[in-house]
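Each chain gets a letter, A, B and so on, in the order the sequences are listed, and its residues count up from 1. Just the heavy atoms: all of them, side chains too, but no hydrogens, waters or symmetry mates, feed the values below.
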Amino acid sequence: MRTENTTGKTAISLFDAAHRGRTASFALVILLYAVLRAMQAGGGLSSLFTSLLVPVTCYIVAAIGLNLNVGVSGELNLGQAGFMSVGAFTAVCVSGRLAATLPVPALRLVIAIILGAAAAALFGFLIGIPVLKLQGDYLAIVTLAFGQIIKSLITNMYLGFDANGFQFSFVENKCKLEPGGKMLLNGPMGATGTERIATFTAGTVLIIAALFIVYNLIYSKSGRAIMAARDNRIAAELTGINISSTKMLSFVVSAGLAGSAGALYGLNYSTLVPNKFDFNTSILILVYVVLGGLGNMTGTIISTIVLVLLPELLRSLQDYRMLIYAVVLIMIMLLTNNEKVKTFFKTVRSRFVKTAAAGGKEAA
Amino acid sequence: MEFLSYLINGLGLGSVYAIIALGYTMVYGIAKMLNFAHGDVIMIGAYVAFFALTGLGLPLIPAVLLAMLVCTAMGVIIERLAYKPLRQASSLAVLITAIGVSYFLQNGAQLLWSSSTKVFPAVISSGFFSLGSLSISYLTLITIAVCILVMAGLTLFVNRTKTGSAMRACSEDKGAATLMGINVNFIISVTFAIGSGLAAIASVLLCSTYPSVFPTLGAMPGIKAFTAAVFGGIGSIPGAFLGGLLLGVIEILAKAYISTQLSDAIVFAVLIVVLLIKPAGLLGRKMSEKV
Amino acid sequence: MSGEKKLLLDVQGVGIDFGGLTAVQNLNLKVYEGEIVGLIGPNGAGKTTVFNMLTKVYQPSRGKIIFDGMDLEKKNIVETNRAGIARTFQNIRLFSGLSVLDNVMTGYHNSITYSPFAAVLRTPAFRRQERETEAKAKELLKIMELDQVMNVTAGNLPYGAQRRLEIARALATGPKLLLLDEPAAGMNPQETEELMRMIRLIRDSFGVSILLIEHDMKLVMGICERITVLNYGMRLAQGTPEEIQANPEVIKAYLGD
């Protein structure tokens with residue numbers, strides 16, 4: 001989007017640029033929602049695809065957040081699943097605790113998502129303090145480490161509540177509840193018996209909210225500062241930009257979005273194990289971002305959808321599907337970085353633009 | 001006495017991490033890439049060794065040599081096919097490709113050998129060495145000895161041979177190395193070959209300690225060893241050695257004295273603290289930017 | 001000489017060591033308000049190091065830097081900019097992925113007051129400030145003759161335009177002192193001529209003082225009111241362009257023994 005505006009005599013302000021990218025993403029999301037809803041109503045969606053609707057929206061939101069971090073801010077984050085995990089288990093606990101007192105599921109869902117996002121953002125802030133002192137690959141490894149720590153901690157958490165309030169322990173048999181109490185977290189077993197209140201509509205609204213936040217942030221003072229810090233740290237500092245607070249902003253927003261995504265994900269399943277949000281999940285989301293294009297939110301949405309569906313579409317190939325998935329991944333990286341392929345697409349594009357321009361002139 | 005035996009067991013586990021970490025650190029030092037598929041090369045080594053020992057009935061040493069041969073070849077082939085075309089690409093593209101290779105190896109292994117766990121035969125003596133109340137398994141002692149041998153051999157290779165000094169030159173400045181007539185592609189291949197060969201050795205030691213062989217067995221040791229490499233200062237060979245040993249010791253001590261379940265959290269927390277104090281790892285060099 | 005003018009920058013006995021090596025030794029340098037001062041010297045004399053100390057990229061080992069009545073000792077890089085020092089770089093450092101316009105708008109970072117929340121909610125304050133900033137940035141681009149390329153990605157600009165953009169970005173931060181590190185490097189005589197005119201214009205219309213490092217003697221002698229010559233990290237001479245040109249020590253340093 002932004003980088004495509006390399007030529008042109010008249011000024012395209014930030015607002016115009018923002019509008020273009022934004023319009024495309026929002027239009028895509030709304031269109032997909034309408035089409036899928038229509039297909040669902042007409043019975044055109046298999047149960048498998050229906051079951052994928054909510055998870056796809058979750059991954060999209062987490063990937064949009066990560067793209068702010070990796071694409072816009074330029075920091076490699078290998079722990080996005082950790083923030084999803086914090087959001088997921090917070091939301092599941094909140095929803096479980098409120099189940100009896102607040103019978104309206106939609107309201108509970110909103111509260112759970114907001115608290116899940118807030119908890120993840122808080123974690124992002126706390127983790128950001130040490131993490132953002134580091135640079136490059138060292139920053140990446142620390143986010144990986146934090147992802148592992150979060151997983152390891154949640155795997156060992158036992159949380160329940162009874163008449164005496166919340167009971168919490170890191171040791172299974174120390175978390176004793178009065179009769180009538182309810183376990184919310186069960187160590188490696190995670191959360192069980194969760195009421196499934198997540199919906200595809202909620203997921204779509206969440207994507208739109210995420211896009212709204214991320215685009216508005218990018219096309220503002222903060223976004224310019226984030227990209228300035230990415231492009232040239234020293235020049236940014238000498239332009240009066242505080243690098244730590246700038247990077248912190250993108251890190252916290254990214255974590256918060258991952259938290260909201262996790263929250264929705266957690267409330268979509270009756271059981272959720274902490275192992276769901278491991279290093280592989282972080283990597284998976286990173287793959288969505290890189291294939292979708294750094295800083296390109298529309299691309300992120302498309303690549304997430306394609307890559308979540310790909311293994312399912314390859315289901316007929318049975319055991320070979322993940323192998324083919326891996327090959328596809330490698331081939332895409334090799335092809336998109338191949339000079340010959342790049343030049344080919346450049347020529348095609350410039351020819352297309354020339355033809356379009358010529359056509360435009362003729363019409364005028 | 002109890003503490004001493006934990007310490008030695010920690011050094012044993014750390015030795016395995018150190019050998020794997022050498023693969024990460026050498027590749028990073030020269031190709032400047034995080035090779036996330038390295039852990040899966042260990043897995044391949046484990047399967048090859050397993051079949052050599054049980055299927056072919058080979059004795060230990062030939063089985064290890066065969067595993068090394070296969071892993072070395074695989075390392076070089078992977079580099080040629082998947083990483084070499086990306087020399088000029090962004091580090092993220094290389095990272096994602098490495099992840100793709102990792103998926104490929106894991107799923108390939110699952111197809112070829114099924115996901116069910118195979119029990120690695122106890123080929124290294126299961127006896128114990130006793131000294132007063134202290135008792136240590138021979139396996140641990142052998143592991144530590146192998147690690148020291150590998151480390152010494154590698155140090156000699158890097159510092160005393162022509163290829164070794166070419167490797168050091170490449171890690172300093174690839175452009176300048178090329179101008180000096182060094183074949184950088186060849187050096188990168190050698191680096192992958194050595195790292196992968198060492199992964200095969202590590203796989204046999206690892207599977208002798210934890211005797212189960214399955215397609216994702218390399219993932220966790222891979223991440224731990226990568227952590228060890230960063231811990232010691234990624235790119236530094238002595239750093240990988242030190243980082244691996246420390247990581248093993250911390251892990252075993254944390255398991256023994258604090259909590260088995262939380263030992264991973266503790267290991268990674270220590271890594272973070274170390275990086276905050278020494279941002280380039282224990283023996284790493286801080287690169288400063290010229291303004 | 002500049003008695004009636006206010007002293008803006010006062011460098012007192014500043015020096016810096018790298019390891020055991022002294023890069024700059026006991027440097028004294030004064031810049032008064034509205035002045036254009038040149039800092040010249042052979043390669044490796046420590047000129048850029050002086051800039052790096054003034055902007056706190058490096059912390060001086062000795063001496064004092066007083067800027068606009070403030071001691072800069074405790075200030076970090078960001079704070080020196082906020083105090084009113086802006087600079088360009090010998091090896092150009094633009095925000096290469098941003099457009100020319102956005103590079104300059106980034107320069108206005110600290111004069112924009114809305115919060116990230118206001119940005120997300122697109123409040124009236126946000127809209128007003130963005131509009132104003134954009135207008136100011138475009139004005140500045142016009143002065144620097146970059147208004148024709150304002151939507152070009154900065155990294156794709158030709159060399160001379162990149163140098164001018166760096167100056168525009170530095171000016172956007174609202175400095176009292178502008179440090180230019182070899183602004184004419186890589187420019188042809190015609191471009192250099194144009195640059196000289198621009199530097200004078202900047203001084204006159206923005207009221208900034210300028211301290212510049214330059215190898216192009218035509219430029220230095222043409223626009224600098226005073227010149228300090230650095231050699232081996234030490235001040236070799238100081239004076240008006242005429243005095244410097246006549247100074248035998250300077251000639252010796254440049255031409256060799």
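- For C:T106, the parts sitting under 4.5 Å from any heavy atom of chain A are the backbone and the side chain alike.
- Note: C:N110 leads C:N110, C:T80, C:L121 in heavy-atom pairs under 4.5 Å with chain A.
- To the nearest 0.5 Å, atoms CZ (C:R82) and CD1 (A:I241) are separated by 9.0 Å.
- To the nearest 0.5 angstrom, A:I208 atom CD1 is 4.5 Å from A:I30 atom CD1.
- Interface remark: C:Y108 contributes no atoms to any contact with chain A (heavy atom separation under 4.5 Å).
- Looking at A:D231 and C:R93, no side-chain N of the basic residue comes within less than 4.0 Å of a carboxylate O on the acidic one, giving no salt bridge.
- Between C:E132 and C:R128, at least one side-chain nitrogen of the basic residue sits less than 4.0 Å from a carboxylate oxygen of the acidic one, meeting the salt-bridge criterion.
- Note: A:G240 leads A:G240, A:A229, A:G223 in heavy-atom pairs under 4.5 Å with chain C.
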